[in-house]
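What follows is a single structure, written as structure tokens, with notes after it.
Per chain, numbering begins at 1; letters A, B, ... match sequence-line order. Note: hydrogens, waters and symmetry copies are ignored here, and every other heavy atom, side chains too, is used.
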Amino acid sequence: MERLSRVYPWRRTHYSNEITPEMDGEKVVLAGWVKDIRDLGGIKFLLLRDKEGFIQITIPRDEVSEDIIKLSEDLQRQDCISVRGKVRRMAKAPRGVEVIPESIIVLNRAKQPLPIDITGKTPADIDVRLDVRVLDLARDEPQAIFRIRHTALEAIREFLSKNGFIEVHTPKIIATATEGGASLFPVIYFEREAFLAQSPQLYKEQLVIDFEKVYEISPAFRAEKSHTRRHLAEFVSVDIEMAFAVAEDVMEVAERLLQHVCRVVSEKCKRELEILKHKIIVPEVPFKRITYDEIINELREAGVKINWGEDVPTPAFRILGKLHPYFYFIVDWPTNLKPFYIKPRDDKPEISESFDLMWHWIEIASGGTRIHDKELLIKRMKEQNLNPESFKYHLQAFEFGMPPHAGWGIGLERLIMVLTGIRNIREVVLFPRDRFRLVP
RNA sequence: GCCCUGGUAGUAUAGUCAGGCCUAGUAUAGGCGGCUGUCGCCCGCCUGACCCGGGUUCAAAUCCCGGCCAGGGCGCCA
């Protein structure tokens, strides 16, 4: 009772999920948004949404004051209100409990009619929803998606931290390209030209000298003109880099991490997964490891011819997704298909110590053993028509005792697609940026 | 950059192929009225739309051309 405030009459005492049938008779103050209204004449039902869920506010004509009746006539979906009232055990109410209001304060009204249906009964196209994203995010489905995203991030940080990785943040405004200049966004940096980072790759490699095991969760920017359900111009990359390690070591980190995240999300987000009608299968480790050569053979048997050294086109990945319907690694990629910093095998330089982590046909992560020898790195830069001069600050790290190291980067949004069953990557970003969308 | 598909009330759709029967149907939202246990409440009444420009035709939501916007795909990638 001492939770009731005299100063701010709208200040809440409980969240919706804290109201239980056992609280029958207790006075509470709730705050939130009107999710839906069902007016039966002599009795009216409001669904009040707050950050924890919703609670039914019941307004029986003969049990509440004339003021409440009058005020409730004007209430509309998405109005922001505070309700002071009495908890009532009621078998017929959702969760067996409801609140009978003694006073209602309208804190703000929503403009009617709303541009989309927040109850989700009448669906709206993604483009329409993204234009009014703040309103769209009030719906159950986006709420579930972003709770899962939060839980997944929490699990990732917990796992990496427990495994001895330190979280770092490297610059997003950079002077030179990581892997070539084609897909960078230029920005004006005072009187110079700079770029938005497409990856923390070079910085995280340098940092293994000082911290050995680092991870970074931060945005990456790609100016590629892709327009698909799995591409964004701005996405969050989960990157690790590990000293005294080779590809196989960081593959183990990746598969154990994914197993951990799947387990945590499936345990903590049962309600959210129910809303999304999605089930998470916690994968067994180790994941399948399939070589590039084996992939080529599998595709040949499926009728798709790929010459050795050619990249795998998307339609071919779709075939592979049918053959390997969960997580799997594709390893031993031809060196020429990988960035300059990936280490060629000592015995067979045409093959690299690299891997892609796949989920069905979608690439979730890629990584490998890195080159830690400066001269070899320069040689590989030249082979890829990059100018070592523009990487001189990166190269100097290789003069300061660069250890053997390996790492990977996971596309967070693609992982969230896996965890939620959502098929369009824009749905799992609050305010997505793609080739055509820059607002809101 | 290329390819495919689409644009009808606030939202989602029917109608477009086979032009006229469309004064454009339905659902939901919104307005008004009724209803005391709803949980996609229900019932009645009302408001509200053919993306823009040009062309073909007696006649265009419907066919043609251009533009704009959107969705999906390819290449590339997380």
Side-chain angles (χ1 to χ4, degrees), chain A residues 35-47 54-64 69 73-74 76-78 88 90-96 98 100 110-132 135-136 140 178-180 182-183 198-201 218-239 310-318 337-339 356-359 362-367 408-418 423-426 428-429 434-437:
Chain A
K35 183 187 168 77
D36 205 3
I37 303 167
R38 282 184 283 276
D39 184 356
L40 274 63
I43 189 165
K44 192 182 301 217
F45 303 97
L46 296 186
L47 287 186
F54 70 91
I55 178 86
Q56 176 167 290
I57 310 295
T58 305
I59 307 172
R61 178 171 288 161
D62 54 15
E63 290 182 56
V64 299
I69 298 288
E73 299 289 307
D74 293 330
Q76 294 281 344
R77 283 180 180 181
Q78 196 57 20
R88 179 156 82 182
M90 173 56 69
K92 283 180 279 192
R95 298 209 330 271
E98 62 190 10
I100 312 296
K111 181 181 149 196
Q112 301 294 336
L114 295 170
I116 58 169
D117 174 9
I118 54 168
T119 68
K121 286 173 232 161
T122 304
D125 291 339
I126 183 146
D127 187 53
V128 174
R129 292 197 282 113
L130 290 177
D131 279 343
V132 289
L135 190 60
D136 180 53
D140 291 343
T178 315
E179 304 164 33
S183 61
Q198 59 171 194
S199 151
Q201 183 61 33
S218 64
F221 304 90
R222 303 277 165 93
E224 283 151 10
K225 292 184 175 174
S226 306
H227 190 228
T228 77
R229 289 175 300 169
R230 61 189 189 284
H231 285 92
L232 292 165
E234 177 177 349
F235 66 97
V236 171
S237 178
V238 178
D239 272 87
E310 282 176 10
D311 212 340
V312 181
T314 303
F317 272 125
R318 289 180 193 267
L337 291 179
K338 289 292 169 184
D356 281 2
L357 173 53
M358 308 296 297
W359 181 81
I362 295 176
E363 187 183 341
I364 298 290
S366 70
W408 45 249
I410 291 181
L412 177 69
E413 285 81 8
R414 290 192 179 173
L415 174 60
I416 304 302
M417 289 171 81
V418 172
R423 303 169 81 87
N424 188 326
I425 199 162
R426 278 167 277 190
V428 306
V429 179
D434 61 36
R435 183 177 171 191
F436 299 110
R437 181 173 286 277

In whole angstrom, what separates [X]'s [atom1] from [N]'s [atom2]?
X         : N       : atom1 : atom2 : result
Leu114(A) : rG48(B) : CG    : C1'   : 16 Å
Asp39(A)  : rC39(B) : CG    : P     : 13 Å
Arg435(A) : rC69(B) : CZ    : C1'   : 14 Å
His227(A) : rG73(B) : NE2   : P     : 9 Å
Leu47(A)  : rC41(B) : CG    : C1'   : 12 Å
Ile69(A)  : rC35(B) : CD1   : C1'   : 14 Å
Glu73(A)  : rC35(B) : CD    : P     : 11 Å
Asp356(A) : rC76(B) : CG    : P     : 13 Å

Out of [options], which has the shortest distance to the side chain of [X]?
X         : options                   : answer
Arg61(A)  : rU28(B), rU36(B), rG73(B) : rU36(B)
Ala93(A)  : rA12(B), rU38(B), rC77(B) : rU38(B)
Pro315(A) : rC77(B), rC74(B), rG37(B) : rC74(B)
Pro60(A)  : rU36(B), rA29(B), rA12(B) : rU36(B)
Asn424(A) : rG72(B), rG10(B), rC2(B)  : rG72(B)
Asp127(A) : rG1(B), rA78(B), rG71(B)  : rG71(B)
Arg414(A) : rA78(B), rA12(B), rA29(B) : rA78(B)
Gln76(A)  : rG31(B), rG37(B), rG75(B) : rG31(B)
His231(A) : rC77(B), rA70(B), rC41(B) : rC77(B)
Arg229(A) : rU28(B), rG72(B), rG37(B) : rG72(B)

query = Do the charged groups of Asp434(A) and Arg229(A) touch, with an N to O distance under 4.0 Å?
reply =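 The answer is no: the pair does not qualify as a salt bridge.
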ask   = Salt bridge or not for Arg426(A) and Asp127(A), using N-O below 4.0 Å?
value =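 A salt bridge is absent here (no side-chain N lies under 4.0 Å from a carboxylate O).
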Checking base pairs now: Watson-Crick or wobble, both atom distances under 3.5 Å. What partners [N]?
N       : value
rC68(B) : rG7(B)
rU16(B) : none
rC77(B) : none
rC63(B) : rG55(B)
rU38(B) : none
rC32(B) : rG44(B)

Rounded [atom1] spacing from [N] to [M] in Å:
N       : M       : atom1 : value
rG6(B)  : rC50(B) : C1'   : 14 Å
rU11(B) : rC51(B) : P     : 13 Å
rG40(B) : rA29(B) : P     : 13 Å
rA9(B)  : rG1(B)  : P     : 29 Å
rA14(B) : rC22(B) : C1'   : 12 Å
rU62(B) : rU57(B) : P     : 16 Å
rU28(B) : rC46(B) : P     : 16 Å
rA78(B) : rG71(B) : P     : 24 Å

Across the strands shown, which category fits [X] at heavy-atom distances under 4.0 angstrom: base, sugar-phosphate, nothing?
X         : value
Ser237(A) : nothing
Leu232(A) : base
Glu98(A)  : base
Arg426(A) : sugar-phosphate
Ser366(A) : sugar-phosphate
Arg230(A) : base
Pro94(A)  : base
Gln56(A)  : base
Leu40(A)  : base
Val128(A) : sugar-phosphate
Ala220(A) : nothing
Asp62(A)  : base

key: Whichever of Asp311(A) and Pro113(A) has its nearest RNA chain B nucleotide further upstream toward 5'   =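 Nearer the 5' end of the strand: Pro113(A).
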Judged by atom type as modelled, is there a donor-acceptor pair below 3.5 Å linking the side chain of [X] to the main-chain atoms of [Y]?
X         : Y         : value
Arg230(A) : Arg414(A) : no
Arg88(A)  : Glu98(A)  : no
Arg435(A) : Ser226(A) : no
Arg77(A)  : Asp117(A) : no
Glu413(A) : Val236(A) : yes

Is a donor-acceptor contact shorter than 3.5 angstrom present between the side chain of [X] and the base of [N]?
X         : N       : value
Thr314(A) : rC74(B) : no
Arg38(A)  : rC35(B) : no
Arg88(A)  : rG37(B) : yes

query = Phe235(A) stacking on rA78(B): centroids under 5.5 Å, ring planes under 30°?
reply =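 Phe235(A) ring centre within cut-off of rA78(B) base, planes near parallel; stacks.
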inquiry  = To the closest 0.5 Å, what do you measure between CG (Asp136(A)) and CG (Leu114(A))?
reply    =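 The distance works out to 12.0 Å.
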message = Rounded to the nearest 0.5 Å, what separates atom OG in Ser183(A) from atom CD in Glu224(A)?
response =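 Between atom OG of Ser183(A) and atom CD of Glu224(A) there are 4.5 Å.
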ask   = Lys121(A) side chain N/O closer than 4.0 Å to the phosphate oxygens (OP1, OP2) of rC41(B)?
value =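 Indeed, a polar side-chain atom of Lys121(A) lies that close.
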ask   = Would Glu63(A) and Ile43(A) satisfy side chain to side chain contact (heavy atoms under 4.5 Å, CB included), going step by step from the backbone distance to the final call?
value = CA-CA 10 Å; Glu63(A) 290 182 56; Ile43(A) 189 165; over 6 Å; no
